Enquirer: 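Quick one: this structure, given as structure tokens, is what I'll be asking you about.
None of these values were measured; they are calculated from a predicted model.
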Amino acid sequence: MSTTHDFLDTVRGHFDALCDQVLGQLQGDEAATLNLSAEESLFVRINNNQVRQATQVEQMSLALELQGQGRSTQASRTLSGHWPTDAENMAHLLAQCRQELLVLPADPHQVPIDNHGSSDESFRANLLAASDVVAAILAPAQGCDMAGLYASGSIVRANRNSKGQRHWFATQNFFLDYSLYNGARAVKGSYAASQWDAEQWAANLAHSQGLLALMDKPLQSVAPGQYRTYLAPRALSDLVGMMGWHALSALAWKQGLSPFKKLAEGEVQLSPLLNITENFNLGLTPRFNDQGEVSAPQLPLIAQGRLASLLVNARTAKEFGLQPNGANEGESPRALDVAPGTLAEADVLSALGTGLYVSNLHYLNWSDPVSARVTGMTRYACFWVENGAIVGPIKDMRWDESLFDALGPKLIALTSHTAIDPAVDTYDQRALGGSRTPGALIEGFTFTL
């Protein structure tokens, strides 16, 4: 694998050369935007605390949006890094887009390509050398049945258009998404940062091992009902992640499809303890979207329980006469940051008293979007607690709860500690984005099965 410096320089030079070629071939009223995705990544898969697979990947892809005569079309292709091949393929892609424009209808809500300025951000890290990864991860976990995925390296997003706009974003980070097993029982953990810290990894692992030891306690059967519940930061991240499913979308609100319609129109409000920001200062994702529009470094979404902003992209703004704020095409949060509260981590169990400690949630979906009601399942290390002491693990339970209630009058406290939950998708490429959340103590959380 090339050095990070060489990789980033090579990618930037190749991208600029291809952009110069494509943009130099535009004709008449044509305008174009080009978006680059690139990565240099190390992937290590672990099973039973042994390396199952180790892979190094370098890849680039380039997407082209072409506008002309009131029409727009998009296409993309993977790049080889070989100039003659990529130059020829991008010329073919441009010709393909021109042919598509001939048969497409005019777009009444087309947002013309424009120059939204330029930016250049790079977040450098101190990552483990490939030769050090296995020992750093596995040595502290000797004796554990651990499975997971470690991914690290550089990720690039870049944007240029025919109006002179230029954006460049490069970041370096890693994540270790893992589970510890005790027979059929498991605990989920994650460690992500821009610099590997052996002490932090040891503490992270020890916390997961402590939870796993508690899984040996007698299994508890909990009847359906409403219980005081503590959602650990990862569980709260899962819950507030539902806001990315149209809840904060201005288009969904205007179309009457937003689960936060009542919040947007002032019929309800959430807890005054709740403050949520789209925070690009976390360095998880670029501030610019595919059109090159740049969001503010921090955009308040929920302020003391009241809606502060919806996410508005330029197309929605044009159609409905709104002010755009740099949202992506899907108008979903990219770097959700929930402000902490005052509940100390050491006081969580005593504050919970008797109820449920929930580490993870999964299979979430809207059960009743009109009332912002979400359903899902508990997962991994979830426990029944009595008088501030963990009694034992619970069977998986289904829950069904309105965000208006769980994050409204039922929200008792947020913890003073937070955790970053990075995007860990790796299907086509390493994903960017994620969230930072505290834990949440909620009164009367509803469990149905």
Enquirer: Decide if atom CZ of Arg306 counts as having more than 12 heavy atoms of other residues, nucleotides or ligands within a radius under 6.0 Å.
Expert: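 No, not enclosed.
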Enquirer: Quick one: which of Leu449, Thr448, Val374 gives a side-chain contact (heavy atoms from CB on, under 4.5 Å) with Trp399?
Expert: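 That would be Val374; it is the only one of Leu449, Thr448, Val374 passing the side-chain contact (heavy atoms from CB on, under 4.5 Å) with Trp399.
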Enquirer: Taking all non-hydrogen atoms of both residues into account, name the closest pair between Leu8 and Arg124 and its distance.
Expert: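 Where Leu8 meets Arg124 most closely, the heavy atoms are CD1-NH2, 3.7 Å.
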Enquirer: Determine whether more than 12 heavy atoms belonging to other residues, nucleotides or ligands lie under 6.0 Å from atom CD of Glu199.
Expert: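 Counting neighbours around CD of Glu199, 12 or fewer heavy atoms of other residues, nucleotides or ligands fall under 6.0 Å, so no.
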Enquirer: For Ala419, is there any backbone N or O sitting under 3.5 Å from a side-chain donor or acceptor partner on Arg436?
Expert: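 Checking the backbone N and O of Ala419 against the side chain of Arg436, no donor-acceptor pair under 3.5 Å is found.
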Enquirer: What are the two closest non-hydrogen atoms of Glu30 and Arg98, and how far apart are they?
Expert: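 Taking Glu30 first and Arg98 second, the nearest heavy atoms are OE2-NE, 2.8 Å.
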Enquirer: Please report whether the ring centroid of Tyr178 lies less than 6.0 Å from that of Tyr191.
Expert: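 Not close enough - the centres of the two rings lie 6.0 Å or further apart.
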Enquirer: Would Asp400 and Thr446 count as a side chain to side chain donor-acceptor pair (under 3.5 Å) if you check the C-alpha gap in whole Å, the side-chain angles of each, and the deciding distance to 0.1 Å?
Expert: CA-CA 6 Å; Asp400 192 279; Thr446 305; over 6 Å; no
Enquirer: Around His246, counting heavy atoms of other residues, nucleotides and ligands shown, do more than 12 lie under 6.0 Å from its NE2?
Expert: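 It does not: His246 NE2 has 12 such atoms or fewer within range.
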Enquirer: For the backbone of Arg430 and the side chain of Glu39, can you confirm whether one donor and one acceptor N or O come within less than 3.5 Å of each other?
Expert: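 Side chain of Glu39 to backbone of Arg430, a donor-acceptor pair under 3.5 Å: yes, one is there.
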Enquirer: Counting only heavy atoms not in Gln298 (residues, nucleotides, ligands), do more than 12 fall under 6.0 Å from its CD?
Expert: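 More than 12 heavy atoms, drawn from other residues, nucleotides or ligands, come within 6.0 Å of this atom.
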Enquirer: Is the NZ atom of Lys188 crowded by more than 12 outside heavy atoms at less than 6.0 Å?
Expert: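 Yes, NZ of Lys188 has more than 12 neighbouring heavy atoms, counting only those of other groups under 6.0 Å.
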Enquirer: Side chains of Asp86 and Ser80: is there a donor and an acceptor less than 3.5 Å apart?
Expert: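 Result is yes, a qualifying pair exists.
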Enquirer: Between the main-chain N or O of Arg334 and the side-chain N or O of Glu278, is there a donor-acceptor pair closer than 3.5 Å?
Expert: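 Yes.
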Enquirer: Where is the tightest heavy-atom contact between Leu414 and Leu411, given as atom of each residue plus distance?
Expert: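 Taking every non-hydrogen atom into account, CD2-CD1, 4.1 Å.
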Enquirer: Answer yes or no for Arg12 and Trp168: cation-pi contact, defined as NZ/CZ to six-membered ring centre under 6.0 Å and angle to ring axis within 45°.
Expert: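 Yes, Arg12 sits over the ring of Trp168.
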Enquirer: For Phe169 together with Phe123, are the ring centres under 6.0 Å from each other?
Expert: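 Yes; Phe169 has its ring centre under 6.0 Å from that of Phe123.
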Enquirer: Examine distances only and state if a side-chain atom of Thr33 and a backbone atom of Glu65 form a donor-acceptor pair shorter than 3.5 Å.
Expert: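 Absent.
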Enquirer: For atom CD of Glu345, decide whether the heavy atoms of other residues, nucleotides or ligands shown that lie under 6.0 angstrom number more than 12.
Expert: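 Result for CD/Glu345: open.
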Enquirer: Within a 6.0 Å radius of atom OH on Tyr363, are there more than 12 heavy atoms belonging to other residues, nucleotides or ligands?
Expert: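 Not buried by this count: 12 neighbours or fewer within 6.0 Å.
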Enquirer: Could you go through Thr73 and Glu100, starting from their C-alpha distance and side-chain angles, then the distance that decides it, and tell me whether this counts as side chain to side chain donor-acceptor pair (under 3.5 Å)?
Expert: CA-CA 7 Å; Thr73 189; Glu100 291 178 1; 2.5 Å; yes
Enquirer: Would you say the side-chain atoms of Asn35 pair up with the backbone N or O of Asp290, donor to acceptor, closer than 3.5 Å?
Expert: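 Yes; at least one donor-acceptor contact below 3.5 Å.
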Enquirer: Please name the pair of heavy atoms, one in Leu336 and one in Ile276, separated by the smallest distance, quoted to 0.1 Å.
Expert: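 Nearest heavy atoms, Leu336 then Ile276: CD1-CG2, 3.5 Å.
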Enquirer: Hey, is the main chain of Arg166 close enough, under 3.5 Å, to the side chain of Ser118 for a donor-acceptor pair?
Expert: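 Yes; at least one donor-acceptor contact below 3.5 Å.
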Enquirer: By ring pair (Phe, Tyr, Trp, His ring centres under 6.0 Å), which residues pair with Trp253, not counting sequence neighbours?
Expert: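 Counting only residues at least two positions away or on another chain, Trp253 forms no ring pair (Phe, Tyr, Trp, His ring centres under 6.0 Å).
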Enquirer: Mind checking side-chain hydrogen bond (donor to acceptor under 3.5 Å, both in side chains) for Tyr380 and listing every partner two or more places apart, or none if nothing turns up?
Expert: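 Once residues adjacent in sequence are excluded, Tyr380 has no partner under the side-chain hydrogen bond (donor to acceptor under 3.5 Å, both in side chains) criterion.
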Enquirer: What heavy-atom pair brings Leu236 and Pro438 nearest, and what distance separates the two atoms?
Expert: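 Scanning both residues, the minimum pair turns out to be CD2-O, 3.2 Å.
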Enquirer: Can you list, pair by pair, the side-chain donor-acceptor contacts under 3.5 Å of residues 325-333, counting residues two or more places apart and other chains?
Expert:
unit_1: Asn325; atom_1: OD1; unit_2: Val312; atom_2: N; d: 2.9
unit_1: Asn325; atom_1: ND2; unit_2: Leu310; atom_2: O; d: 2.8
unit_1: Asn328; atom_1: OD1; unit_2: Gly330; atom_2: N; d: 3.4
unit_1: Asn328; atom_1: OD1; unit_2: Glu331; atom_2: N; d: 2.8
unit_1: Asn328; atom_1: OD1; unit_2: Ser332; atom_2: N; d: 3.1
unit_1: Glu331; atom_1: OE1; unit_2: Ser249; atom_2: OG; d: 2.6
unit_1: Glu331; atom_1: OE1; unit_2: Ala250; atom_2: N; d: 3.2
unit_1: Glu331; atom_1: OE1; unit_2: Leu251; atom_2: N; d: 2.9
unit_1: Glu331; atom_1: OE2; unit_2: Asn313; atom_2: N; d: 3.0
unit_1: Glu331; atom_1: OE2; unit_2: Thr316; atom_2: OG1; d: 2.8

Enquirer: Ignoring hydrogens, what is the shortest heavy-atom contact between Ala406 and Phe445? Give both atom names and the distance.
Expert: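 Minimum heavy-atom separation between Ala406 and Phe445: CB-CE1, 4.1 Å.
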Enquirer: Please determine whether the number of non-hydrogen atoms from other residues, nucleotides or ligands lying under 6.0 Å from atom CG of Asn365 exceeds 12.
Expert: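 Check passes, neighbour count above 12.
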Enquirer: Is the closest side-chain heavy-atom distance between Thr277 and Leu301 below 4.5 Å?
Expert: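 Thr277 vs Leu301: side chains apart.
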Enquirer: Among Ser435, Ser359, Ser190, which residue satisfies the side chain to side chain donor-acceptor pair (under 3.5 Å) criterion with Arg234?
Expert: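 The side chain to side chain donor-acceptor pair (under 3.5 Å) with Arg234 is passed solely by Ser190 among Ser435, Ser359, Ser190.
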